[in-house]
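Below is one structure; the comments refer to it alone.
Lettering follows sequence order; numbering is per chain, from 1.
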Amino acid sequence: MREQTPRQAMPCQEPSVRAKNFAEVAVGYDEPTALLEAGRCLQCKKPGCREGCPVGVLIPEFIKKIADKDFLGAGEVLKEKNALPAVCGRVCPQESQCESKCVLGKKGEPVAIGRLERFAADYLLQNGTDKVQPAELTGKPVAIIGGGPAGLTCAGELAKLGHPVTIFEALHTAGGVLMYGIPQFRLPKEIVGSEIDALKELGVEIKVNAVVGKFSSVDELLAQGYQAVFIATGAGLPNFANIPGENLNGVYSANEFLTRTNLMKAYRFPEYATPIKIGKRVAVFGAGNVAMDGARTALRLGAEEVYILYRRSREEMPARHEEIEHAEEEGVQLIPLSKPLEIHGDEQGRVKSVTCLRNELGEADASGRRSPVEIPGSEFELELDTIIEAIGQGPNPLVTKSTEGLELNRRGNIVADPETLATSKPSVFAGGDIVTGAATVILAMGAGKTAANAIHAFLEK
Amino acid sequence: MYVISKKRVLAEAIVLFDVQAPDIARKVAAGQFVIVRNDEEGERIPLTVMDYDRLKGTVTIVIQNVGYSSALISNMAEGDAFLDVVGPLGLPTEVEKYGTVVCIGGGLGIAPIHPIARDLKEAGNRVISVLGARSADLLILEEEMRAVSTEVVIATNDGSAGVPGFVTDGLAHILAQGAKVDVIWAIGPMIMMKAVVEYTRKLGIRTIVSMNPVMVDGTGMCGACRVSVGGETKFACVDGPEFDGHAVDFDLAMQRLSYFKDEENRAKARSQCECCADSEGRK
């Protein structure tokens, strides 16, 4: 019987309404819906879903707790393996991870694991009262550089094992991309804040405004008595397309655009003092998740027309399907197979338009995706007020440049042992985007976990 | 929290703060900057340091009340605290023995030129400082600059002190006396720095400027502070803030600095309204 219950849809704000506000798009399951969905899980003896999870969440176990109406218990099961379940339930690409391994997905639709994760994690945040007992301290302090998903996860795991952990965060708030990058309407900052508070309760110390590479170096941290250092500084250096007109007013990196809006809350200007300018017509370069975030944020800030310019076709867009669909529903217009050539400005130096070239798809490239081929003479012009470049981020060199003995690859990413995340420098580990290049929150969290286990083994030696 | 241990009014609308920030004070060097935020709603404001005391653990910043955020900060008192101070950011000044160096500070730019002049003098250079202001009463830090310079030339627009005119006139005054200048540091409003580099370009004197563009994070993450240097895009926060002035595209830099003027005016208008309401309320 239970197989016949359909996968429960995620209730969302109406597209026309939500495109005008910063409230969360997906409102979450209520209890009856969560129970229906949890009832679909077959409780497999050898659950594939768990193998699809980079942090090994005990998926059938937490779903069973939901089905048994033990919602707090479900949240606690999540927390055993995942320091940030309310975040992951919202931003993980479940369709290519846990849910892609669900047996139900072979014939029909997989269990909505992500939605259930969010339900249980939110329930725990709202109703959990039991304070965690901080573990007995080992007296072996660890420094973590970067308070994003990798750093936070590593900190949580090490704290559970009793190691005194200090996170050094460059910005004034920990959270990394969860705070400055992913918008409020997809991941409320209050949720991130609560999950970080839970880590502090575990004993994790967070030093904000601490730019390692400037106020202190990795070697100084080691000399101060930290017995291991985990570098998790992420992918913080924005790429630009390197086309003429890029320094005109109105051209933002996605990092700047999103940081102003999310971290500095420019959408509440002038109550918050950081401004943002949007204009009426906005183009986003790129079609990854960051591009979708930028486009949807632009709509909410009052833009009338928002375009996504992408050099390949819709099929190759790297963003999650859900994000592309949400963006389109809200009115974002996709212009695939187009390549920006030059940005033009007015007398005041403000963006006026962009000239693009049409592409067609050619042979598959090394990534397996069909590569774009320019169509000569196909130039077209788009009138614009604002451009947001979301074409990827590289590694920020502040830490790597100021640290001797750290092997880097040609892109400037840190070389780390895939098993232990140990670097070429003794006592120093690295993980997340600073090693892999820009990837996902959950992969960074997986790296944080791997590093924590390796650092624990290293400290116990 | 970063407590203000000393406040001094230097001139009308220009105040100096010693701020408790031991981690920064330990490391900061001439030419570097900090970013401050007064409260949760505040902007991140970059300010080049005027001085520091490694023992007391303080950094000294100077701020001019020109807009919404700077007004809020200027009104802070001794004992008040910034919510955030982060640094030291940017690259330090390349201090070497060059020979004769001219350090030009215009308006608020005298503050960041101060530690540069001091370090250059300590490195054995002959340091001639040119201090510029609209008028004598707006001239700041004269005494401090005399203490770290071999010689000081003052230039005021209205001629109320020193050479009448601009800092370039002060510089011309020095050159007319026959000084052979090896390097020049020039810090001040963009328009002043542009005037100086146009002047020294013809003379072939190397001129370093310190750029003060719009910034958000100050660590290379956002790219708001893009400046074009020798045709290449640089981030002032991590590649600078000091650059070879002759390679900087100042027209672009000034254009970029004006991008948020409307918003600044909006916020400022709002703050003035609030200030009025406040003072009336207290009366």
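- Interface remark: of the candidates A:Ser216, A:Pro397, A:Gly250, A:Ala266, A:Gly250 forms the most heavy-atom pairs closer than 4.5 Å to chain B.
- Residue A:Pro275 comes nearest to B:Glu43 through the heavy atom pair CD-OE2, 3.8 Å, listed as atom of the first residue, atom of the second, then distance.
- Taking A:Pro238, A:Ala170, A:Ser253, A:Gly234 one by one and counting their heavy-atom pairs under 4.5 Å with chain B, the maximum is reached by A:Pro238.
- No donor-acceptor pair closer than 3.5 Å links the side chain of A:Asn209 to the backbone N or O of B:Asp84.
- Neither the backbone nor the side chain of B:Ile24 comes within contact range of chain A, judged by heavy atoms closer than 4.5 Å.
- In this structure, the portions of B:Arg44 lying under 4.5 Å from any heavy atom of chain A include both its backbone and its side chain.
- Crowding of B:Glu122 atom CD: a count of heavy atoms from other residues, nucleotides or ligands under 6.0 Å exceeding 12.
- If you measure heavy-atom distances from A:Lys207 to chain B, the contacts under 4.5 Å come from the side chain alone.
- Classification of the B:Phe235-A:Phe240 ring pair by plane angle, with boundaries at 30° and 60°, yields perpendicular.
- When all heavy atoms of A:Asn249 and B:Ser258 are compared, the closest pair comes out as ND2-OG, 4.1 Å.
- Among the candidates A:Arg350, A:Lys265, A:Arg260, the residue making the largest number of heavy-atom pairs closer than 4.5 Å to chain B is A:Arg260.
- Both the backbone and the side chain of B:Thr219 come within contact range of chain A, with heavy atoms under 4.5 Å apart.
- Of the atoms belonging to A:Leu258, not a single heavy atom falls under 4.5 Å from chain B.
- When each of A:Glu246, A:His172, A:Glu256, A:Gln393 is checked for heavy-atom pairs under 4.5 Å with chain B, A:His172 comes out on top.
- Within a 6.0 Å sphere centred on CD of B:Glu198, heavy atoms belonging to other residues, nucleotides or ligands number more than 12.
- A:Lys214 contributes a side-chain N or O that, together with a main-chain N or O of B:Gly90, makes up a donor-acceptor pair within less than 3.5 Å.
- B:Gln255 contributes atom CD, which lies 6.5 Å from atom CG of A:Leu248 (distance to the nearest 0.5 angstrom).
- Your options are B:Ala224, B:Gly223, B:Ser228, and the one with the most heavy-atom pairs under 4.5 Å with chain A is B:Ala224.
- Only the side chain of A:Tyr180 comes within contact range of chain B, with heavy atoms under 4.5 Å apart.
- Using a 4.5 Å cut-off between heavy atoms, B:Ile45 does not touch chain A at all.
- Only the side chain of B:Arg26 comes within contact range of chain A, judged by heavy atoms closer than 4.5 Å.
- Between A:Asn247 and B:Arg226, the shortest heavy-atom distance links the atoms OD1-NE, 2.7 Å.
- Here A:Lys277 is the residue among A:Lys277, A:Met264, A:Arg268 with the most heavy-atom pairs under 4.5 Å with chain B.
- Here B:Lys27 pairs with A:Glu220 in a salt bridge; the nearest charged N to carboxylate O distance falls below 4.0 Å.
- Only the side chain of A:Leu398 comes within contact range of chain B, with heavy atoms under 4.5 Å apart.
- Looking only at distances, no side-chain donor or acceptor of B:Asp23 sits under 3.5 Å from a matching main-chain atom of A:Phe215.
- Counting non-hydrogen atoms of neighbouring residues, nucleotides and ligands closer than 6.0 angstrom, the CD atom of A:Gln224 exceeds 12 such neighbours.
- For chain B, the nearby part of A:Gln348 is the backbone; its heavy atoms alone come within less than 4.5 Å.
- Interatomic distance, B:Glu40 CD to A:Thr173 OG1, rounded to the nearest 0.5 Å: 6.5 Å.
- Other residues, nucleotides and ligands contribute at most 12 non-hydrogen atoms within 6.0 Å of the CD atom of A:Glu404.
- The candidate from B:Val28, B:Val85, B:Ile35, B:Asp39 with the greatest count of non-hydrogen atom pairs under 4.5 Å with chain A is B:Val85.
- Among all heavy-atom pairs drawn from A:Pro270 and B:Arg266, the shortest one is CD-NH2, 3.9 Å.
- If you measure heavy-atom distances from B:Val214 to chain A, the contacts under 4.5 Å come from the side chain alone.
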